[in-house]
K.L.:
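My structure is below; once you've seen it, I'll send some questions.
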Number of protein chains: 2
Amino acid sequence: MKVEEALQILKEHGYKYTGKREEMIRICAEEKRYLSAKDIMERIRELYPTLSFDTVYRNISTFVRLGILEETELEGEGRFRLACSADGHHHHHVICTECGKTSSLPGCPMNVMSSVPDDFQVTGHKFEVYGMCKECVAHAN
Amino acid sequence: MKVEEALQILKEHGYKYTGKREEMIRICAEEKRYLSAKDIMERIRELYPTLSFDTVYRNISTFVRLGILEETELEGEGRFRLACSADGHHHHHVICTECGKTSSLPGCPMNVMSSVPDDFQVTGHKFEVYGMCKECVAHAN
DNA sequence: CTTTAAATCGGATTTGTTCTGATTTACTAT
DNA sequence: ATAGTAAATCAGAACAAATCCGATTTAAAG
């Protein structure tokens with residue numbers, strides 16, 4: 001997803017344009033990585049030094065609700081990245097547990113799941129592969 | 001896994017036997033569900049009314065480390081259930097997001113993953129299907 | 001330009017979890 | 001059995017992530 005698309009989605013849903021929102025999205029768009037709220041916080045403060053957590057958290061959760069950001073959880077804290085599943089077709093990621101960097105995986109296990117117990121009404125699923133990226137492996141030695 | 005096996009694992013690793021530990025494991029063994037620390041807390045207090053949360057959390061994390069409990073995370077809080085992957089072969093679950101009830105899924109997506117990017121050193125994975133169990137669906141109407 | 005609802009601020013609050021130092025308890029070796 | 005010791009537990013403080021609150025500012029519609 002591109003920054004412009006994200007801003008368009010906000011507009012379509014009646015949210016106001018603010019420089020802070022754009023900058024948050026821009027920061028997320030810069031890297032194929034999961035960022036924590038704190039990460040985003042730190043970076044955005046270069047431009048908006050007085051921005052409060054509340055704003056960051058509130059906007060993040062709006063973005064997640066609108067499908068602009070994808071969410072996961074690493075070491076007990078939420079991590080976010082610009083949605084990419086929305087772009088082409090649905091897929092999943094390998095995630096570096098050190099730096100949050102991601103790489104796409106082909107396909108989705110749900111396609112090959114022959115049978116899901118019929119006493120469950122399925123609402124979603126999560127498939128994530130964890131590991132260390134080349135850079136973090138090198139760095140660890 | 002059975003309560004006795006779990007206690008055996010503790011013993012093998014040099015942990016002491018305590019009634020509180022046994023009771024915690026017993027509580028988890030009673031149901032095929034993910035329980036929160038608070039859930040376990042409430043139930044164990046029937047038998048040990050003064051037990052502190054520190055003990056519950058510390059023991060839980062010991063159990064997880066030893067593979068006695070499996071861990072996941074629902075709505076920002078840790079949830080635990082007696083390990084069952086250890087029993088037979090490795091598998092995954094459908095989890096009811098209302099009550100934590102689980103049902104096993106056949107197979108593991110990693111087996112059919114043709115290619116994982118080779119710039120990642122894989123350390124683990126998570127595959128969970130979420131939904132509502134029959135009882136919770138009925139209850140919601 | 002005015003109006004107004006949404007967005008932000010800053011700080012307090014909540015919630016899940018972990019830490020700390022003192023006390024108790026399960027096990028080991030006498 | 002008993003004493004010694006390391007582990008387990010306790011109670012409450014501390015912590016970190018996230019959310020809530022009332023007051024203030026701001027985007028955008030008229």
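Remember, predicted model here, so these are calculated numbers, not experimental data. Naming convention: chains lettered A, B, ... in sequence-line order (proteins, then strands); numbering from 1 in each chain.
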K.L.:
In terms of hydrophobic clusters joined by side-chain contacts under 4.5 Å, are B:L47 and B:M41 together?
P.N.:
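B:L47 and B:M41: one cluster.
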
K.L.:
What is the distance from atom CD of A:Q8 to atom CD1 of A:I68, rounded to the nearest 0.5 Å?
P.N.:
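Result: 10.5 Å between the selected atoms.
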
K.L.:
So where does chain B start and stop touching DNA chain D, 5' to 3', when the test is distance under 4.0 Å to a non-hydrogen atom?
P.N.:
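Extent of the interface on DNA chain D: D:dA6 to D:dA13.
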
K.L.:
With rounding to the nearest 0.5 Å, note down the distance linking CZ in A:R79 to CG in A:L69.
P.N.:
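With rounding to 0.5 Å, CZ (A:R79) is 14.0 Å from CG (A:L69).
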
K.L.:
So, for B:L35 and B:C28, which heavy atoms are closest and what is the spacing to 0.1 Å?
P.N.:
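Closest approach of B:L35 to B:C28: CD1-CA, 4.4 Å.
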
K.L.:
For A:Q121, is the CD atom crowded, meaning more than 12 foreign heavy atoms sit under 6.0 Å from it?
P.N.:
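At most 12 heavy atoms, drawn from other residues, nucleotides or ligands, come within 6.0 Å of this atom.
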
K.L.:
Hey, do the aromatic rings of A:H125 and B:H92 have their centres closer than 6.0 Å?
P.N.:
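Centroid separation for A:H125 and B:H92: 6.0 Å or greater.
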
K.L.:
Tabulate below the donor-acceptor pairs under 3.5 Å that side-chain atoms of residues 99-109 of chain B make, not counting sequence neighbours, or state none.
P.N.:
residue : atom : partner : partner atom : Å
B:K101  : NZ   : B:E135  : OE1          : 2.9
B:T102  : OG1  : B:K32   : O            : 3.2
B:T102  : OG1  : B:R81   : NH1          : 2.3
B:S104  : OG   : B:H91   : NE2          : 3.3

K.L.:
Salt bridge or not between B:E31 and B:R43? Use side-chain N to carboxylate O under 4.0 Å.
P.N.:
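Yes.
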
K.L.:
Taking five pairs at each end, how big is the angle between the two axes of the helix from C:dC1-D:dG30 to C:dT30-D:dA1, to 10°?
P.N.:
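That helix has its two terminal axes inclined by roughly 30°.
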
K.L.:
Is B:Y17 reachable from B:Y15 through a run of hydrophobic residues whose side-chain heavy atoms are each under 4.5 Å from the next?
P.N.:
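Same cluster.
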
K.L.:
Using a 4.0 Å cut-off to any heavy atom of chain A, which nucleotides of DNA chain C are the first and last in contact, reading 5' to 3'?
P.N.:
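So the contact region on DNA chain C extends C:dA5 to C:dG10.
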
K.L.:
Considering every strand and a 4.0 Å limit on heavy-atom distances, what is the contact class for A:S61: base, sugar-phosphate, or nothing?
P.N.:
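Here A:S61 touches no strand at all.
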
K.L.:
Is a side-chain donor-acceptor pair under 3.5 Å present for A:D39 with A:S36?
P.N.:
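Yes, a side-chain donor-acceptor pair sits under 3.5 Å.
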
K.L.:
Are B:I95 and B:V64 connected, step by step, through hydrophobic side chains (Ile, Leu, Val, Met, Phe, Trp, Tyr) whose heavy atoms are closer than 4.5 Å?
P.N.:
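No, because B:I95 and B:V64 fall into different hydrophobic clusters, even though each may have its own neighbours under 4.5 Å.
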
K.L.:
Which heavy atom of A:V56 sits nearest to which heavy atom of A:A37, and what is that distance?
P.N.:
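Looking at all heavy atoms of both residues, the shortest contact is CG1-O, 4.0 Å.
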
K.L.:
At their closest point, which heavy atom of B:G131 faces which heavy atom of A:F120, and how far apart are they?
P.N.:
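Looking at all heavy atoms of both residues, the closest pair is C-CD2, 4.5 Å.
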
K.L.:
Regarding A:R21, tell me which of base, sugar-phosphate or nothing describes its non-hydrogen contacts under 4.0 Å with the strands shown.
P.N.:
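The residue A:R21 makes sugar-phosphate contact but no base contact.
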
K.L.:
Determine the minimum heavy-atom distance between A:Y34 and A:E70, stating which atoms define it.
P.N.:
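Distance-wise, the nearest heavy atoms are CE2-O, 3.7 Å.
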
K.L.:
Listed in order of residue number, which residues of residues 12-20 of chain B have a non-hydrogen atom at under 4.0 Å from DNA chain C?
P.N.:
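Those residues are B:K16, B:Y17.
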
K.L.:
Start at the 5' end of DNA chain C and walk down; is the nucleotide closest to B:D54 or to B:E75 reached first?
P.N.:
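The residue whose closest nucleotide sits nearer the 5' end is B:E75.
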
K.L.:
Check whether any side-chain N or O of A:R45 sits under 3.5 Å from a backbone N or O of A:L51 as a donor-acceptor pair, and report yes or no.
P.N.:
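It does hold such a pair.
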
K.L.:
Enumerate the residues from residues 29-44 of chain A whose closest heavy atom to DNA chain C is under 4.0 Å, giving them by residue number; use none for an empty result.
P.N.:
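When residues 29-44 of chain A is checked for heavy atoms under 4.0 Å from DNA chain C, there are no hits whatsoever.
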
